[in-house]
Amino acid sequence: MALTFHWFLPTNGDSRDVVGGGHGTPVTTSGRDRPPTVAYLSQIARAAEDLGFTGALTPTGAWCEDAWLTTAMVSRHTERLKFLVAFRPGFLSPTLAAQMAATFQRQTGGRLLLNVVTGGESREQRAYGDFLDKDARYRRTGEFLSVVRRLWDGGSVDLHGEHVRVEDARLARVPDPVPEVYFGGSSPAALEVAARHVDVYLTWGEPPAQVAEKIARVRKLAAKEGRTLRFGIRLHVITRDTSTQAWAEAERLLSGFDPDTVRAVQEGLARSESEGQRRMLALHGGARDGLEIHPNLWAGIGLVRGGAGTALVGSHEEVAGRIEEYASLGIEEFVLSGYPHLEEAYWFGEGVLPRLAARGVWRHPSDGPAAAPPARVAQPAPAARAAFAS
């Protein structure tokens, strides 16, 4: 299995500290350390491209810059990198979304991937004029994707659905290639949508046993629809030459979490309607101890950040091992990030990716099909782990 790696564009701001935000919580003040300018985001994108990441995810919501507009501008400063654009289907018509995707493909040379976000917080949805409840939003997402898919196939679409209504909808020019659709969600309604409509199902970074259980559920539902999906995982990373160095960086980040901020963020996230967010909160319970919930899997990020709240922490060799552990479950795509995103891209790209290439499970996207993986690099001796990590 050849693994695929994506990086993250911090359109909510970047910092040497963790930038909070998402799922109804405000961006923390650290988000102002490095504002999400096109110049800075392009610097991250070019680094990710050079290092061998296939794409870069951009988030969506009131807490960050608009993903469509930002990636359209950043794309002009890159050549190969794809953009995993997150958007909410309730905020625009399926015909317009299909047209926007087709335009993006033509203008970037086919570098669009779509991350469909149904929206887990009713309060934020209402701010955008969307007053459906959570289950209804998922039903609307299913109708939305049905229309988009048929338009991309070149057909004319009439649909009088529960939430979506179009008549004689068609595209003057279909996208080439058709963008792949990524989607995440842990509720039963979300899994049904994934099984019927998407190409890649994404999960947040839960321990392997929980990820395996979720993959099995989605596979079973997809099989009933006569479909097969690929699977991806969303994680942060803190990887260094030695395990001690990596855990020291995790400790530095943790020490910068203001107790009042942690308390406020946890109270806000506890009100979330997202099943995935509930599962993230259950991994740490708002406590600062016991945060290594599986070897090299640290739940500390979730104390101040909504959404993806876990990080792979360890030496380059250890992190590569954990990635192979997830790959053995069926995970093929890894959507990663780290603070700050520019520097952490280099730590991972220069430290972990060569080791995965040496093991024959990853190849730089710019390499031809006959390119041989690099020779295995010498590994540092394992270092004793800091007591904090246990």
Side-chain angles (χ1 to χ4, degrees), residues 4 6 54-58 60 66-76 78-119 130 137-185 190-202 218 221-232 332-333 365:
T4 299
H6 307 278
T54 294
L57 170 67
T58 49
T60 183
D66 178 75
W68 286 102
L69 293 173
T70 301
T71 54
M73 289 184 277
V74 172
S75 71
R76 312 312 297 168
T78 55
E79 297 178 358
R80 174 192 54 78
L81 192 72
K82 296 182 181 181
F83 295 93
L84 183 49
V85 175
F87 78 102
R88 302 189 186 189
F91 297 168
L92 70 169
S93 79
T95 307
L96 178 58
Q99 181 184 18
M100 290 168 63
T103 298
F104 202 112
Q105 289 295 68
R106 286 191 294 275
Q107 299 298 340
T108 63
R111 292 193 283 144
L112 175 67
L113 305 169
L114 287 177
N115 180 29
V116 177
V117 179
T118 296
D130 179 14
R137 291 197 295 270
Y138 278 113
R139 293 195 299 273
R140 178 179 59 194
T141 296
E143 294 179 354
F144 180 99
L145 289 174
S146 176
V147 171
V148 168
R149 291 283 198 190
R150 289 158 63 187
L151 289 171
W152 284 345
D153 287 340
S156 175
V157 182
D158 292 282
L159 176 65
H160 290 194
E162 180 185 2
H163 302 289
V164 174
R165 180 173 179 175
V166 296
E167 294 182 0
D168 195 27
R170 65 184 71 217
L171 296 180
R173 299 175 66 185
V174 298
D176 182 22
V178 171
E180 290 194 302
V181 176
Y182 292 65
F183 176 89
L191 300 188
E192 292 283 351
V193 171
R196 293 173 182 166
H197 298 286
V198 310
D199 299 300
V200 181
Y201 175 80
L202 291 175
V218 176
L221 290 170
K224 291 181 180 178
E225 302 291 332
R227 305 182 71 242
T228 58
L229 310 182
R230 300 201 312 280
F231 295 90
E332 298 180 49
E333 304 204 18

Enclosure of R80 CZ (heavy-atom neighbours >12, cutoff 6.0 Å): yes
Which residues share a ring pair (Phe, Tyr, Trp, His ring centres under 6.0 Å) with W152, sequence neighbours left out: none
Qualifying residue for side chain to side chain contact (heavy atoms under 4.5 Å, CB included) with L112, from V85, T71, V178: V85
Test item: T4 and E332 side chains (from C-beta on) under 4.5 Å apart, heavy atoms: no
Heavy-atom side-chain proximity of F91 to T60 below 4.5 angstrom: no
Check against side chain to side chain contact (heavy atoms under 4.5 Å, CB included), R88 and D130: CA-CA 11 Å; R88 302 189 186 189; D130 179 14; over 6 Å; no
For the student: nearest non-hydrogen atoms of A102 and P175, plus distance: CA-CB, 3.7 Å
Q99 vs R173 side-chain heavy atoms within contact, under 4.5 Å: no
Side chain to side chain contact (heavy atoms under 4.5 Å, CB included) between E225 and L221, worked out: CA-CA 7 Å; E225 302 291 332; L221 290 170; over 6 Å; no
Which residues share a salt bridge (Lys or Arg N to Asp or Glu O under 4.0 Å) with R230, sequence neighbours left out: E180, E333
Validation row: H6, N115 side chains within 4.5 angstrom (heavy atoms): no
Pairing residues for T141 by the side chain to side chain donor-acceptor pair (under 3.5 Å) criterion, not counting sequence neighbours: T118
Flag side-chain contact, heavy atom, 4.5 Å: T58 against W68: no
With R139 via salt bridge (Lys or Arg N to Asp or Glu O under 4.0 Å) - residues at least two apart: E162
Qualifying residues under salt bridge (Lys or Arg N to Asp or Glu O under 4.0 Å), relative to R227, sequence neighbours excluded: none
Side-chain touch P89/V116, heavy atoms, less than 4.5 angstrom: yes
T78: partners by side chain to side chain donor-acceptor pair (under 3.5 Å), with sequence neighbours left out: R111
More than 12 heavy atoms of other groups within 6.0 Å of E79 CD: no
Minimal non-hydrogen separation, P179 against D199, with atom names: O-OD2, 4.3 Å
